[in-house]
Each structure stands twice: as structure tokens, then as C-alpha cells.
Amino acid sequence: MGAKSEEIINGTNTTGTYTLKNGVSDTKINMMPDGDDSKKKGKKKKDKEKEGDEEDENKLPPVPMSQLFRYANGKEKCLTLLGFLAAMTAGLCMPALFILFGDVTNSFVYQEMITSLDDDSLGYAWEMFPQLENLSLEETRSNLTVLLDVDDFFHDIAVFGIGTFVIAAIQLVCGYIFVTTMNYAAEGQVYRLRGKFLKSILRQEIGWFDTHQTNDFASRVTEDLNKMQEGIGEKVGMFAFFMTIFVASIINAFIHGWELTLIILSAFPVLGITTGVIAKIQSNLSSLELKEYARAGSIAEEVLSSVRTVLSFGGEQKEVERYQANLVHAQRAGVKRGLMTGVGMGMMWLIIYAAYALAFWYGTGLILDSRKGDGDYDPGKLLIVFFSVLMGAMNVGQASPYMEAFSVARGAAAAIFDIVERKSAIDPTSTEGHKPNTITGNIELRNVHFNYPSRPDVPILRGINLKVEPGQTVALVGSSGCGKSTCIQLVQRFYDPGQGSVLMDGKDVKSLNLGWVRDQIGVVGQEPVLFATTIAENIRYGREGVSRADIEAAAQEANAHYFIMKLPKQYETQVGERGAQISGGQKQRIAIARALVRQPRILLLDEATSALDNQSEAVVQQALDKVRLGRTTMVVAHRLTTIRTADKIVVFDEGQIVEEGSHQDLMSLKGHYYKLVTAQLTPEQLKKAHDDMCSGDDSTDSDAVSDISQSLVDELVNMPSVALSRAPSVRRSIRRRSSTRSSKRRARRTKKKTTHKKDDDDEDDDYKPVPVGEILKMNSSEWPYIVGGIIGSAVQGVTIPLYAVMFGDVLGSLATTDEETARKEANLYSILFLVIGIIAAFSMFLQAYMFALSGELLTSRLRKLTFAAMLKQEMGWFDETKNSVGALCSRLSGDAAAVQGATGSRVGTVVQAITTLGTSTIMVLVFDWRLGLVSLPFIPFVLAAVYLQAKILMGQSVTESKILQDAGKIAIESITNIRTVASLHKEQHFAKMYSDALYGPHKEALKKSHLRGFTFGFAQSVPFMAYATTILYGGHLVDTGIITYDIVFKVAEALILGTMMVGQAVAFAPNYSKAKVAAGHIFNLLQRRPAIDSSPGVGLRLSGPISKVEMTEGHFAYPTRPDTAILKGLGLQVGLGKTLALVGASGCGKSTIISLLERFYDLNNGALNINDQNIQAVNIGWTRGELGLVSQEPVLFDITIADNIAYGDNTRTVTQHEIVEAAKQANIHTFIESLPEKYKTRVGSKGTQLSGGQKQRIAIARALIRNPSVLLLDEATSALDTESEKVVQEALEKAQAGRTSIVIAHRLSTIQGADSIAVVDGGTVVETGTHTQLMDMKGHYYSLYQTNR
């Protein structure tokens, strides 16, 4: 929108004080264009003071848990409720099992007590049961059987077995129901919310976009909504499941033994306080880590979107270091978080084991006292209380991560709901407002005062009064930043004026329906945005439901039909992202056709030809002149030759109208307009204009527009354009192409076989499985930490089988009738439990901390390596659709972190599970091979459940990320081009497109939730079945006297707890599967060999500067368009100290030559030599170091002015003196010195805090700091206004002195003094010579020059 140079004050800067992603304020400064800054000095300090307050204000409170479901419909609420009830039912299964287990334990203990009774122990039995005193051994046994209710021992065992199988079945069914229903409900809500979120973003007023960063929309719509989905999906069920186990277990424990329960629970307040404090510290460190990673991510986004600038100035290493500097802080925060996790987990296990030691010691005492008649405790109650509290505590631990997930979801939902529910101040989707049946096209701005929302203290318009009559063409002129484009935006109602009103047909636009208003207006801007679809579809965006005939008619009216019909697919040709596949002139004419197809009564032209070459400008200008007839037209123009025929010219200065009238009237006044016009004229034109004015010949006004005859214009209009040129995207920095797949298909197949099938090869490139060993090898430099973590994990894994042995021995001691022996054994085992607790605490700390350390180091290193690898790739790689900036940034942030899923704590979990399972298996076989062989077959079932779930999750993660990325492209395209979307009134169209793109994967996700639910239920129920089988068969062996009952419990506990540890590893399967996919992406990139190797050691380094550049028979096609030749045998040469100018129509290959010199690409055929050496044999770093590039739209980085200038030479440390000298040579020193912070002033994202002229001169200083032997000027002044162009042109001429220069220029007046001018047409040089020689030839150059006058 509007001139680039006007960005400083016209609100196009999106670097606001509030960042959606992380709430971190960006540095903001007040900076006006040259000459205006003095009025705003001292404001920066005030801005800084406001920043802290704004950040606090913009922090949103988390959404209450109940409100997370506010977007659920009735069906989803019912499913969530059903899932919740099923989860609670599943949670009751374990406490029910404990009751059965208590009963069967009593049977085992009492059976052993009765069968082991002999003459020696008879006395102890009489002490315990005085009523049996003096009875014989057989009588005592018989009476004990009745007293202890073990008359049918195997019946009790069978009851336990059958009961446990029933519980397992309930667990399976309920597990399936709650996982499936919860996922169903969450998927439905998030699918709907994604659509609502984009819809809401698109309906916000433009002022909102000015004060909010929308770059992180991709992460909002994927990461935040995924976090929210986790918080409302199966994790709610999981939380209910684990918490039900906890609550029911504790109630169970109190019912069966309140005294013992209280003793054990006394440890829990200590545990709660300890873990609470640690969790708080962890949370703070997590926030800090995320904030630091977000900063690093913004650097990556800035660099990748400006990759041509980075490569041309050899800034790869500097950018990697800048990126890494931010990663270091995040890494430290992550390591500290790992430390606190280790401390927390260690303390938890120590306190839990201490509680068990206390439980067995105290519980044994209670049982022994009860046998004397003092209480009613028995071994069964001890076990029910013990297991209930044990599992209750463990399940609270399992539930705690879900609390964090809910907390994260509530925070994410707050940001999402805030945007979804925000009411737009200017809502384009509103149905309110009057919709008149007709419109005449009368426009009036009445006493309009305006400030941009992002700069409320900088007045833009100061009491503007402007009338445009129906059918009248009114031109707005003035220097950059004076308010011209602002008027255009106010007419479209992008903003509302602070004071005054904007009227359309006498009615305030606020009273009219906003959609209707925008439907009446056709807009063509300086850099029109086309969307990544076909030409026909782009034109159709102008008006819904237009026929093909209407589209072609609009294209013909816009002089676009001829070139479209020359394309291979004509109107069905894909234009690429932002129209990057076609030239500037072609893009501009399609934009005009799009504006015309809606048959607007009002036409707004905002510098519609300023960035075009002469030939394209003539064609486009003729189209514009034709279409504005009979329409109310407002034109903003810097090239004043294009608006001399306007009915009225309005001159702006500092937000006020200073002159009005026709061209002739204003020239006669010799005021502001006169100065602007004369600044653009050559001395000859100036003299002619003066003579014309003196003679009073009115006819010269219209003649002065151009000396071209109508036949010449027609010839230009009908001249074949070079179809689908790539050149403009070089000039316009990094604009990605999106037709990569189709072009790659064409390269692989013959044209006859070209189809529209999905290109599977590309998809295969995205993901190639990487062996786990390779991933771990990447982590090998952290081997001491990994070894430490593995040792900790292994020791932790052994503690569970050790606990099983101890548990069996404790139960064994309960059958002892000798009270003294029983108490001694209880004391011993209690101490041993405490020892296990200390070992478990230390091993858990070691495991958590060491793996966190190695994982954080790996993530940081992978991010750095991946980022560095990206910057080593050739430009053709960046041109591929899958490597767009958004995709690379998400890969950089997401994939590197996801790889931890296969290392770090995940490795710890696997090692721990393997150790537990291995030790348990050996112990089981050692204790009793028969029982072991019956129990062991259950292990494969558990492992099968784990494997199956992992496979499902892996497939799902691939599909989800792929589909969401595809849908995300639609969203990002509409957000980044919001002004175009708004002016076309296409907000609802893009929102619908986005929802449609998500519908397929939404349905797939619903299908997969069934299988996910079944596998979860299956994995949960298998241990129950294993328990039932083990106890049943063990009971049989005990009944037949083959083994003692303590062996049964040792085997059961060791095996079942072992398999449960593996079962718990299922929870980590999603992370592991994502890690495999992420590692595939990263390793493929790290192992990829760039087609153009920019390594420092590759290629020759020539001595001396570049003294000669020569191209012979150069043939070239862009890698993404191999069948569209750009250069067709082009030849050119430039010698030391000479200036070569390249001229020609858009898309003829001029900018491609610059790209080839910079080694962004290599020729397909022919040779490009420097100093008689093939450029492909020369070291790339050396080559680029000798070149100084200044392009049409230079990219500056969000660092200080001094750092931006110093960026020109990244091979050394540039001194301040050198920076100042370069700035002086570039005519920018005086302006920099006038700023409050001078050279330390930050320029904002992509230099948005500066005007176009200021940016351009800093770019010149940047190019000069390296003292290049060759200066490359790629249309360096074409996008500037007259005043800025004059200053920049002077700087360029000064910079060219004594240097070899290659200049691309559309304004031929700027290159008349060149030593040699090469006219490029259709990929070849058709003419070469000096200005005078070429004019004498009266060929291509002569035609171009006549057009340009």
C-alpha cells in the first residue's frame, strides 16, 4: 500500500509494542522522513516508558477451565460428559482390584500360616488365638480354617481371577470410550475454532494489524490451538482417570484402615509443598525459555525472508552467531528447568518410599496387635491401604503433567478467545449500514484530521478538505509521508478519521455498509498482490460469480489478454506466491483486470506504475488511462508525467493541501507543484516546458505526457512479453514461488504426460526415516551426560523389581506366628525400603537432570546446525514451495525441539522400562520357571499395544503437520496480504477456503480416534489380565505345595509392575514418533549437498579486484521453471572502471544477470567469466565480497543503523570511522546525526522505521563499506519519490566513481552517461553501445527512450 518511503507514517509498519506470540515489546522509535524528524525528537524516551505498561496491560489472564469448552456444541458437550464418566468408571477399576487383592492376600497368608503350623510354632498360634489354647495341632488347624475363613482356598483364588478379568474388560471398554469421545469432542471444537480464529483476524480493522505482529499467526493457529486441543481432549479424560484412581484409592484406604492411612498420608503435605515450590520455579523457567526461543525465532524469520541480502553480503556466519546468541539464554533456562525437575522427582520418590517404610513398620505392628484382639487389622487390609495410598500417590504424579497441559491450554485459549471474540472497530463482514441502490461516485473529505493508531502522537492529515466529482480524475501529489496514500486508505475506510468525515455521494461512509463501500471501489497499488492460484481465479477475486467472458473482457480492457493467451495454460496458469512467477508489468495488468471486473464506479490508483520499466509502464499507463474514463478516479503518483491530464491535481505538504488546480494552473503558480515537476525534468525538458508556458500553447500540456504516437503505443501493447519471468522476485527480495511441484513434474516427464497428480517424490523428500542410532549419534558430544542419565535410568529401573522382592518378603513375614521374629523382620524391611527410596531419589535426579542437559544442548545445536545448513543452500532450494519462509521457520522451531523426543528423558524412560522388564523377567524365571513361563507371554501383548499405538501416532503426526501446513499457507497468505483482502472484500472467502482445507484432515482425525481409544484401553487392561493369570496359576502351585505364596507375589509384582512401566512409556509414544519425523527432516537437510557450494575452502581466490566481467552464450532457466528459458544465448562484457547499463522490458532477464553474478544460480549453458576465469571455479565468498549490491527494495535488519552499514563487510570488524565515511559517501550522514540516538538508532523490522530514500542510502553505505570492485545497482531508485530519488541518485553517482558498475534502470535518464548500454529483449542482448550510438540506431533503445521521456 502506498509508497515504500511513506511506510514510516502510513501505518504499514507491523512492528508494534505488543507482540501476539510472546508479549515481548519490540523497540520502537519515532522517526520522520528527511527534514521532518526535528519535530519528533525526544519522543522515543516516552515510547520506552509506555512499553512496560503496555506489556502488562496486554497480558491476558488464563481462561477458567469451564470456559475452555465454550465453543462446544450440544453433541460435543454430551460426548465430553460421556467420556468423563467413562474415565471415572475406568478409574474405579483399580481400587476394586485392590479389594480383591486384599481378600486373596488374606487367603494366601492364612493358608500358609495354617499349613506351616507345627509343634514348634503351636505355642505362638495359641498366643495369637487364646481360644485355641491346649488344642491339638490338627484341631488348631481345623479351627483356624474356620476362624480365618479359608475353608476353600482355591475358590478364593478363582474369585480373584474371574473378578480381575471382569475388571480388565470394563477397563478396556471404558478406556476406549473416554479416549475416543474426548478426542471427538476436542477435534470438533478446535476445527471450528481454527475457522473462527482466521475469520476474526480477517475482520479486524487495519489499525489493529498496525499495532499487532501477525507474523506468528502460523504458530497461533497451529501451536496454540494444538495446546488448547490437548487441554480439552483426551487429557481431560486422562486427568479424570488418574484423579479418580487417587480419590477412590484414598477413600478405599480410609475405609479399610484409617489409622494406617493417616500415618502414610502424613508424608504428603511435605511432598505437596516441595513439589509445589519446584513446579512454580519450573513454570517460570519454562516461560523464560519460550521467550528466549521466540526471540531467536524472530531472528530466523528475518534472516530467511531476506536470504538474498544475507548471502550477497556474506552474512551467513554472523546471522548464525546472532541466532545462536539467543539460543544460549534459552538453553540455560532449559537446563535449570531440568535441574529443578530432577530435584522435584528425586524428592517425590524419597518421600514416597519413606512413607512405605513407615507403612510396613507401623502396619506390621497393627496386624500383630490385632491378632491379640487389639484392633481388626489383617494382611489384606494392610495391602489394601498400602496399595491404595501407593497407587493414589503415583496417579497424582501421573495427573500432574495434565494440570500443566490445562494451564498451558488456558493460557493459549486466552490469546485465541481474545482475538476470536474481539469486536472489530471497522468490521468488513458486518451486515449493518445502508446499501444504496445506485452510486454516482462523489467523494469528499471534509475537515479530516488523522493519526495512525500505531503512531497516535504523529499527525498525518491536518484538516484536509477535498472534493472529487463523479467521473473526475483527481491526482494527489507531494513528497513521501505527506498523506497522499492515507487519503486513499480513508476512502476505502481502512481507518476512520480522528476528526471530520469521509463522504460518498454525500453520505458519511460510516453510515454505509462497509462491504458495499469496498465493492464499489477498484484499487490498484504500487505492488499489487496476487494470490497463489490461477490468473482467472485472481481476476475472479474482483467479483463473485463472474463468467469467463467477463474475466476475459476485463483482461482485454487492462491490456492483459494478449500476454495471458501466450502462456502455456493461458488463464489457468498458476502465478505463484504473491504473483512471483510473472513479471511486474504482467502482475500490474492482472491487478487492473481484477479491479475492473467488479465494474467499479470509483477507481483508486496508488502509484500503480512507479515500480515498472518503461515498456511495461507505457502499456499499463495506457490501460489505466483507458479504464478511468467515466469513473471517479483518485491517483497517487510520483512520476508527474503520468497525471498531467488529470482534471484536478491536489498538492499535499505535511498533511495539508497547499495547492489545487490543473497542471497548467499549478505550473503558472510556480509553487510546490512547479518545484516537484521541475525536479523530475532534464535541462532540455525544463527549457521546453518553460518555452511552452511562455508561448501559452495549451496543447503542449497533453503533448508533454509523451511524444509517442498512438501506433508506437499499440506496438508496445502488442509486443510479446516474456512469459512467467522470475526476475521481479529477485528485485523484490524473497518472494516465494508456489508452483514448484508442477514445474518439477515437467522437468521429469514429457509435456504430453504432464498431469495434475500429487507429486509423491516431493513428499518422499520431506520425510525419510532416520535410524534411532543416527539420532543418538547426533547427541554423542554430550555422552558424559547421556551415560549419567542412562545409569540413573537403569538404577531407577532396578528399584521396581527390588521393591517387588521386598514386598514379597514383607508379605512372607506376615505368615510368621512368632511375634518377635515378625517385628524384627518388619524393622529390617522398613530400613531397606528407606534405602531403596534414597537410591530411587538419586537415580531419578540423575536421570532427569542429565537428560535435560543433553537434550537442551542437542536442541540448541540442532537449531544452529539446521539454520546454518539452510543458509548454505542454493537459491533454487529456497524457491521451492516446501521451503517457504513460514515452513522453514516452523521446521526450525518445531523439528529441532521435537528431536528431543528420541533422546533426553524419552531415552531415560526407554532404558528404565527395559531395565525394569529385563530384571523382572530374570527374577521371575529364577523364582519359579513354571509361574514365569505362564506370566511372560503377557509381555508381548503389552509391547504389541505400545507398538500399535506408536504406529498410529506416527502416521497421525505426519498427516497432521502436512495438512495443517497446507491449510496454514492459505491463512498466512490472507493475513500477510490483509490490505488486498480487505480492499477486495474477500475476508469471508479466505475464511471459507481455510475451513474447507481443514475439513478432510478433521474427518481423518475423527476416524483415527477410535483406534487410538482401543489401543489405550487394551494397553491399560493387559496388566490386569496378567495379574489374574499369575495369581490364578500361582494359587494352584501354592495349593499343591510346589511353591510358597511369597514367590507368587514377588513374581506378580515384578512382572506386572515391569509391564506397567512399559505401559507408561506409551504416554511418550507421540513424542517419539514426532521425533522420528522431525529427525528425518533435519537429517535430510544436514546431509543435503547444495547445488552451489558456498563453503569457504571451495574454489579459487583470485588476486586483485574484478577487472573484467564477461558472459558468452548464456542460457538459463530457473530451477522451478526448467522449461521456461530466461536467458537464450545472452552475451555481454564490462571492463575495469566502466559502467554497463542493462535496459529492457520486465521479464527480459536483466535482474537474472545480477543473480548469476552473485552465484545465486548457475548458467545451464554458456560461460560467465570474471577476470577470464569461469565464475563457477571461483570461491563464492571471494566473488560476493568483490560485489556491492543495491536493489530496488533494499532489506535492512532490525539492528542499529551502524550495524546495518557494517553488515556490508562481515569478514572483519568495521570501525565507526569507516561507517561514518560510508554514510557520508551515501548522503545519509547528516540525517543519521539528526536522530536522537544517531548511529545507534534501531531501524525496525525490515527497516520499516525509515522512509524509502533513507533505507536506500543506508543500503548504498552498506555496499560501499566493503569497498567493492564491482557495484551492482538493480533499479535502485525506481520505487522512490522525486525528492528521494534525486538525493539517492547523487549518492549512487558518487559511489560509482572509479568503480566497475552494472546498472539496471527503468528511468533511462539515469544511465545516459554509462560507458556501455546493453538492451536485453527475450533473454538476449539485441543492441549495445553508448546512449548516442543507440539513439542514432533508432532501434529498441530509441523506442524505450521515447517511451521514457
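Keep in mind it's a predicted model, so treat the numbers as computed, not measured.
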### Query
Leu1085 and Ala869: which non-hydrogen atoms are nearest, and at how many Å?
CG-CB, 4.0 Å
### Query
For Arg308 and Phe1160, which heavy atoms make the closest approach, and how far apart are they?
O-CZ, 3.5 Å
### Query
Below 4.5 Å, heavy atoms only, C-beta onward: do Val303 and Met870 meet side chain to side chain?
no
### Query
Are the side chains of Cys889 and Leu304 in touch, meaning some heavy atoms are under 4.5 Å apart?
yes
### Message
Run the side-chain contact (heavy atoms from CB on, under 4.5 Å) test on Phe1197 and Thr309 for me, step by step, so that the C-alpha distance in whole Å, both residues' side-chain angles and the decisive distance to 0.1 Å come before the verdict.
### Response
CA-CA 10 Å; Phe1197 297 101; Thr309 304; 4.2 Å; yes
### Query
Do Ile1092 and Gln1176 have side chains that get closer than 4.5 Å, going by heavy atoms?
no
### Task
List the atom of Pro1119, the atom of Pro1122, and the distance in Å for their closest heavy-atom pair.
O-CD, 3.4 Å
### Query
NZ/Lys199 to CG/Leu193 distance, rounded to the nearest 0.5 angstrom?
13.0 Å
### Task
Under the side-chain contact (heavy atoms from CB on, under 4.5 Å) rule, what do Asp1209 and Phe313 come out as? Steps first, then yes or no, please.
CA-CA 7 Å; Asp1209 193 345; Phe313 288 105; over 6 Å; no
### Query
Under the side-chain contact (heavy atoms from CB on, under 4.5 Å) criterion, do Arg863 and Tyr323 qualify, and how do the steps go?
CA-CA 9 Å; Arg863 280 193 165 122; Tyr323 179 65; 3.5 Å; yes
### Message
With a 4.0 Å cut-off on N to O distance, would you call Arg337 and Glu856 a salt bridge?
### Response
yes
### Query
Is there a side-chain contact between Arg1262 and Leu1196 (heavy atoms, below 4.5 Å)?
yes
### Query
Salt bridge or not for Glu321 and Lys318, using N-O below 4.0 Å?
no
### Value rounded to 0.5 Å, distance of CD in Gln331 from CD in Gln324
8.5 Å
### Test side-chain contact (heavy atoms from CB on, under 4.5 Å) applied to Leu1156 and Asp1162, step by step
CA-CA 6 Å; Leu1156 291 165; Asp1162 280 339; 5.6 Å; no
### Message
Using 0.5 Å steps for rounding, measure from the CG atom of Leu1086 to the CG atom of Leu865.
### Response
6.0 Å
### Message
Is the shortest side-chain heavy-atom distance between Leu202 and Tyr994 below 4.5 Å?
### Response
no
### Query
Do any N or O atoms from the side chain of Arg1159 and from the backbone of Ile1175 form a donor-acceptor pair under 3.5 angstrom?
yes
### Message
So, taking the atom named CG in Leu862 and the one named OG1 in Thr866, what distance separates them when rounded to the nearest 0.5 Å?
### Response
5.5 Å
### Message
Test your reading of the model: is there a side-chain donor-acceptor pair from Asp1203 to the backbone of Ile1199, 3.5 Å cut-off?
### Response
no
### Task
To the nearest 0.5 angstrom, please state how far the OG atom of Ser1155 sits from the CG atom of Asp1274.
8.0 Å
### Task
Answer yes or no: is there an ion pair linking Arg1088 with Glu874, defined by an N-O contact shorter than 4.0 Å?
yes
### Query
Nearest 0.5 Å, what's the CG-CG distance between Leu1189 and Leu1157?
10.0 Å
### Task
Would you indicate whether the side-chain heavy atoms of Arg194 and Val190 approach each other to under 4.5 Å?
yes
### Query
Quick one: does Phe878's side chain get under 4.5 Å of Leu888's, heavy atoms only?
yes
### Task
Check whether any side-chain heavy atom of Glu1158 sits under 4.5 Å from a side-chain heavy atom of Leu1272, and report yes or no.
yes
### Task
Measure across Glu316 and Leu311 and return the closest heavy-atom pair with its distance rounded to 0.1 Å.
OE2-CD2, 3.3 Å
### Task
Report yes or no: do Thr1152 and Tyr1161 form a side-chain donor-acceptor pair below 3.5 Å?
no
### Summary
Between Ala1117 and Asn1164, the two heavy atoms sitting closest are N-OD1, 2.7 Å
